[in-house]
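Since the structure is predicted, the reported quantities are computational estimates derived from the model, not experimental observations.
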Amino acid sequence: MTTESTVRTRFAPSPTGFMHVGNLRTALYEYLIARSLGGRFLLRIEDTDRERLVDGAVEAVYRTLERVGFRHDEGPDVGGDYGPYVQSERLHLYRPFAEQLVTTGHAYRCFCTKERLESLRAPAAAEDEGGAGGSSVSGFPGGYDRHCRELSEAEVRRLLDAGAPFVIRQKMPLAGSTVFEDAVYGSISVANEELEDQVLLKSDGFPTYNFANVVDDHLMAVTHVVRGSEYLSSTPKYQLLYEAFDWKPPVYVHLPVVNGADGKKLSKRHGAVSFEALVDEGYLPEAIVNYIALLGWSPGGTRELFTLDELCEVFRIDGIGRSPAVFDYDRLRWFNGEYLRKMAPEAFLAVAAPWLADALPGGGAGLDLGRLAGALQPRVTQMTQIPGLVSFFRELPEYGIGLYSNEKMKTDPALAAEMLGKAEQELAGLGEWTHDALHAALTGLAQREGRKNGQVMWPVRIAASGTEVTPGGAIEILSVLGRDESLRRIAAGRRKLQEALGR
RNA sequence: GCCCCCAUCGUCUAGCGGCCUAGGACACCGGCCUUUCAAGCCGGCAGCACGGAUUCGAAUUCCGUUGGGGGCACCA
């Protein structure tokens with residue numbers, strides 16, 4: 001339930017695409033602020049931009065929140081006392097508020113046409129060709145010259161009667177400055193003359209984001225407005241809106257942006273950036289959340305592995321940093337490895353299964369997948385690595401006898417040929433093809449021959465895999481490969497060596 | 001161009017005037033372990049952007065410079 005003092009945060013995505021990790025992080029912090037303060041977390045869909053709507057985007061939001069465990073207390077799907085939670089269903093709410101501001105002198109009707117607005121900007125753009133393409137060059141913030149700001153009542157009446165289309169613009173103070181307090185950036189002050197008379201209500205009657213946002217946040221009793229720092233520069237306008245309505249402003253929590261490795265805004269060219277794309281690339285939701293929590297926020301100590309519940313307990317707003325952070329895939333991968341290794345073997349097998357099925361002969365049927373997963377689990381940091389690691393099971397790759405030489409193991413082709421021959425005989429008579437039996441047979445062979453384990457194991461592993469580096473050692477590979485295929489490969493290795501050695 | 005913000009190892013960060021010869025983590029490089037490689041353990045490399053000021057004392061405060069990011073729509 002909600003009382004006067006209940007903290008309320010909201011995640012307000014616009015369904016224009018898939019869930020970007022930057023948005024996911026914003027949602028996470030909103031969730032954590034609510035949970036850590038005993039508050040409520042709500043979901044609001046901001047779909048007022050009909051042109052940019054993307055099919056399936058709302059579903060992606062639900063799916064992602066679900067997958068990641070940010071449970072919202074209120075929202076379009078779960079209801080709540082402050083609905084509707086979809087902006088397009090709230091359209092009737094905004095106009096009265098805009099009209100109220102016109103009445104109180106905080107806003108005015110503007111009848112300027114799009115053409116006039118463009119002509120205001122065009123000459124300015126030409127002036128600084130090759131430049132930043134700024135629009136305040138015209139001498140007015142935002143490029144609008146406040147043409148309709150002081151229209152007489154009679155003139156307004158005339159235009160209205162003539163049915164001229166109009167927008168409602170916010171009337172910014174011309175002097176002084178506006179100050180607001182941000183929970184992470186501190187006190188920020190902007191000269192009012194820098195503020196544009198922004199549009200509140202479009203000529204089609206729809207509110208702009210800037211307006212709907214403030215109205216909705218107030219109506220929904222949102223106490224902490226959390227968003228990316230790209231909104232920092234428009235916050236003074238929101239602040240003025242709150243003041244004009246005489247509403248209590250929320251606590252502003254602006255988050256540092258997330259950049260790519262080149263310091264530019266994180267985008268597809270940096271790699272996977274949507275939550276689902278990351279999952280498809282073999283990152284676990286828990287790892288993504290843990291990693292992202294620490295991108296721009298710090299618990300203060302040196303601990304860095306936290307479950308979502310643990311984050312809820314230790315999260316504090318003042319741990320949020322101010323400088324932009326770079327999304328580092330290497331670090332994400334490390335977190336992923338940590339979570340992968342911590343999983344119960346069966347759980348790991350479950351997430352690895354689809355990757356294995358794709359890469360193994362017959363989809364892995366008949367193979368000891370549990371054993372294979374066991375070998376993979378401590379070695380994998382990203383599921384995409386699996387196919388490459390196990391491809392030799394499907395087919396023995398072409399390999400040169402150089403692989404049989406290893407300085408550290410003290411092996412060379414001649415020794416390998418000998419050991420392979422003996423291993424072949426030893427294993428052919430093996431009663432049961434189990435991990436323990438294989439281990440006993442091979443180490444026993446090494447002992448009898450007066451060799452180091454590696455001098456037997458290395459050649460056998462190479463023959464069985466044709467691969468220099470494999471997940472697991474000779475015994476794991478043999479046991480997964482099975483008797484027939486193992487013996488076939490060992491024999492093939494032996495013959496390959498004998499041919500090469502001229503014997 | 002104008003406005004706002006930011007600035008500790010390559011990256012994520014701790015630090016909130018003395019505990020800092022700046023701590024942790026990723027990555028990287030060594031070593032140990034070992035039937036390969038990983039994992040694990042041990043060790044190493046590497047940073048307070050610059051210049052002033054305040055102070056007995058500055059990574060920590062102030063000013064400036066430089067660099068970076070963001071904003072400047074009838075988009076959100």
Go through the structure and list residues passing side-chain hydrogen bond (donor to acceptor under 3.5 Å, both in side chains) with [X], not counting sequence neighbours.
{"X": "Glu449(A)", "value": "Lys422(A)"}
{"X": "Asn453(A)", "value": "none"}
{"X": "His435(A)", "value": "Glu476(A)"}
{"X": "Ser391(A)", "value": "none"}

Holding to ring pair (Phe, Tyr, Trp, His ring centres under 6.0 Å), I want the full list of residues that pass it with Phe392(A), two or more places apart in sequence or in another chain.
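Expected list: none.
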Let's see if you can work this out: which of rC72(B), rC3(B), rC4(B) has an atom nearest to the side-chain heavy atoms of Ile188(A)?
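For the Ile188(A) side chain, the nearest candidate turns out to be rC4(B).
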Spacing between [X] atom [atom1] and [N] atom [atom2], to the nearest angstrom:
{"X": "Asp197(A)", "N": "rA73(B)", "atom1": "CG", "atom2": "P", "value": "13 Å"}
{"X": "Leu255(A)", "N": "rC5(B)", "atom1": "CG", "atom2": "C1'", "value": "14 Å"}
{"X": "Gln170(A)", "N": "rC74(B)", "atom1": "CD", "atom2": "C1'", "value": "15 Å"}
{"X": "Tyr339(A)", "N": "rA25(B)", "atom1": "OH", "atom2": "P", "value": "17 Å"}
{"X": "Glu194(A)", "N": "rC2(B)", "atom1": "CD", "atom2": "P", "value": "11 Å"}

Residue matched to [N] through Watson-Crick or wobble contacts both under 3.5 angstrom:
{"N": "rA25(B)", "answer": "rU11(B)"}
{"N": "rG67(B)", "answer": "rC6(B)"}
{"N": "rA38(B)", "answer": "none"}
{"N": "rG1(B)", "answer": "rC72(B)"}
{"N": "rC62(B)", "answer": "rG52(B)"}

Using the test salt bridge (Lys or Arg N to Asp or Glu O under 4.0 Å), find all partners of [X] that sit at least two apart in sequence or belong to another chain.
{"X": "Arg227(A)", "value": "none"}
{"X": "Arg146(A)", "value": "Asp197(A)"}
{"X": "Glu89(A)", "value": "none"}

Just checking [X]: base, sugar-phosphate only, or nothing, at a heavy-atom cut-off of under 4.0 Å?
{"X": "Arg303(A)", "answer": "nothing"}
{"X": "Tyr231(A)", "answer": "base"}
{"X": "Val167(A)", "answer": "base"}

Residue pair Pro387(A) / Met383(A): nearest heavy atoms and the distance that separates them:
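For Pro387(A) and Met383(A), the tightest heavy-atom pair comes out as CD-O, 3.7 Å.
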Minimum heavy-atom distance between Ile320(A) and Trp297(A), given as atom pair plus value:
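Ile320(A) and Trp297(A) have their closest heavy atoms at N-CD1, 3.6 Å.
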Considering only the P atoms, how many Å lie between rG67(B) and rA76(B), rounded to the nearest integer?
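Those two atoms are separated by 35 Å.
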Between rG23(B) and rU8(B) - C1' atom distance, rounded Å:
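Going atom to atom, C1' in each nucleotide, I get 11 Å.
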Each nucleotide in nucleotides 10-16 of chain B should get exactly one letter: B, S or -. Can you fill that in based on protein heavy atoms under 4.0 Å?
-BBSS--
For each nucleotide in nucleotides 29-45 of chain B, reading 5' to 3', give B when a protein heavy atom comes within less than 4.0 Å of its base, S when such contact involves only the sugar-phosphate, and - otherwise.
-----BBBBBSS-----
Does the ring center of Phe206(A) lie less than 6.0 Å from the ring center of Tyr94(A)?
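No, the ring of Phe206(A) stays outside the 6.0 Å limit from the ring of Tyr94(A), centre to centre.
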For residues 438-447 of chain A, run the donor-acceptor check on the side chains, cut-off 3.5 Å, and write out each pair with its distance to 0.1 Å, sequence neighbours left out.
| unit_1 | atom_1 | unit_2 | atom_2 | d |
| --- | --- | --- | --- | --- |
| Thr443(A) | OG1 | His439(A) | O | 2.7 |
| Thr443(A) | OG1 | Ala440(A) | O | 3.4 |

Base of rC3(B) paired with side chain of Ser233(A) (donor-acceptor, under 3.5 Å)
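Donor-acceptor pair under 3.5 Å: no.
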Taking atom types as modelled, is there a side-chain donor on Tyr291(A) or Tyr329(A) under 3.5 Å from an acceptor on the other?
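No - no donor-acceptor pair under 3.5 Å links their side chains.
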Interface residues of residues 205-220 of chain A with RNA chain B (non-hydrogen, below 4.0 angstrom)
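When residues 205-220 of chain A is checked for heavy atoms under 4.0 Å from RNA chain B, the hits, listed by number, are Thr208(A), Tyr209(A), Asn210(A).
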Return the 5'-most residue of the pair Val257(A), Ala12(A) with respect to RNA chain B, ranking by each residue's nearest nucleotide.
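The residue mapped nearer the 5' terminus is Val257(A).
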For a quick test of reading the model: is some side-chain N or O of Lys202(A) closer than 4.0 Å to OP1 or OP2 of rA73(B)?
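Negative; the distance criterion is not met.
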